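Reviewing the structure listed below.
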Amino acid sequence: MRADLHIHTTASDGRFSPEEIVSLAAEASLNVVAITDHDTVEGLPAAMSSARSFPAMIVIPGIEVSTASAYGEVHVLGYFLEYNNGKLGNVLKQSQVSRRERAEKMVARLRGLGMEIDLQRVLELARGDSVGRPHVAQALLERGYVSSLKEAFVKYIGRSGPAYVKRAKLSPVEAVRLILDARGLPVLAHPAAIANFDEFLTELKSAGLAGMEVFYGFYPPEEIDRLYSISESYGLIATGGSDYHGWEGFALADATRPSLPQRSIKQLFDLAGKSDDLGRLQELVVKRYHS
Ligand SMILES: [Zn+2]
Ligand SMILES: [Zn+2]
């Protein structure tokens, strides 16, 4: 069984719609995928209903919550979310408002620097609700003020850029609790980027963290080994995914890459109380393979 547990759609800063992502995942012969948009569950209803056309694939409703901590920016993934949960909805709505306000401020600063970009265009580029810095970067690129998205970050909207604006964020522990409240499983995303994350895991683990990303995107094998042994020592499920956004040069975790271990998939479904769903999927996949 092939799994990719970290995928973005147009509901945040991905290039493909939830429906397109589900079809692409099926084409890539993935059996388990999680849709994990930044701070929004808006893409989930469409993804879940498209998934019905592909019985040999399970789509896990997920999220990637941005948080700020003493260790820097930290992302917390949530799997098997009850995405209609009221409290989750309220917190996310607030985060959409602060994202929008931040985009507004960044556009104002860029205009102050002489760049003629407008907020309306940035919001159009965002399409979904979750407007982020990549959309501002795209607007700059469109107008020819930069020659790549990366340049936009380096020159203007990155942490030390003149048009960077900080956004109010949850703490990682608050994100873990929010996900647990919505009956989801919280998992620490791309932890290699976090300074001293080893000590920080103790705090998150006691808040209810269930796993951490080990088999992430393009982490080299030695990084994966290091993270795997940390996940073992903390009793965290070693998960992983491509962090696919649809941009050129990147791909879903398809057959061209080492797959997430079957053990991880099983642990995640067991912990979520979804062992039966996984069992049914397994039977179906085996049957198809032999027919
Ligand atoms: Zn992330
Ligand atoms: Zn991501």
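Order of listing sets the numbers, starting from 1, for every ligand and every atom in it. No experiment lies behind these values; they were computed from the predicted model shown.
- With respect to the salt-bridge test (charged N to carboxylate O, under 4.0 angstrom), the residues Glu174 and Arg177 do not qualify.
- Using modelled atom types, one finds no donor on one side chain facing an acceptor on the other under 3.5 Å when comparing Ser148 with Glu151.
- The atom name of the N/O/S atom in His75 closest to the Zn ion (ligand 1) is ND1.
- Side-chain contact annotation: Asp39 with Ser130, donor-acceptor N/O pair under 3.5 Å absent.
- Distances from the Zn ion (ligand 2) to each N, O or S atom of Glu64 single out OE1 as the nearest.
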### Task
Would you please test Phe197 and Val74 for side-chain contact (heavy atoms from CB on, under 4.5 Å) and show each step?
CA-CA 10 Å; Phe197 90 100; Val74 168; over 6 Å; no

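- Counting just the N/O/S atoms of Asp243, the one with the shortest distance to the Zn ion (ligand 2) is named OD1.
- Its N, O or S atom nearest to the Zn ion (ligand 2) is what matters here, and for His6 that atom is NE2.
- Using a 4.5 Å cut-off on side-chain heavy atoms (C-beta onward), Ile237 and Val187 make no contact.
- Taking backbone and side-chain atoms together, His190 has an N/O/S atom less than 2.8 Å away from the Zn ion (ligand 1).
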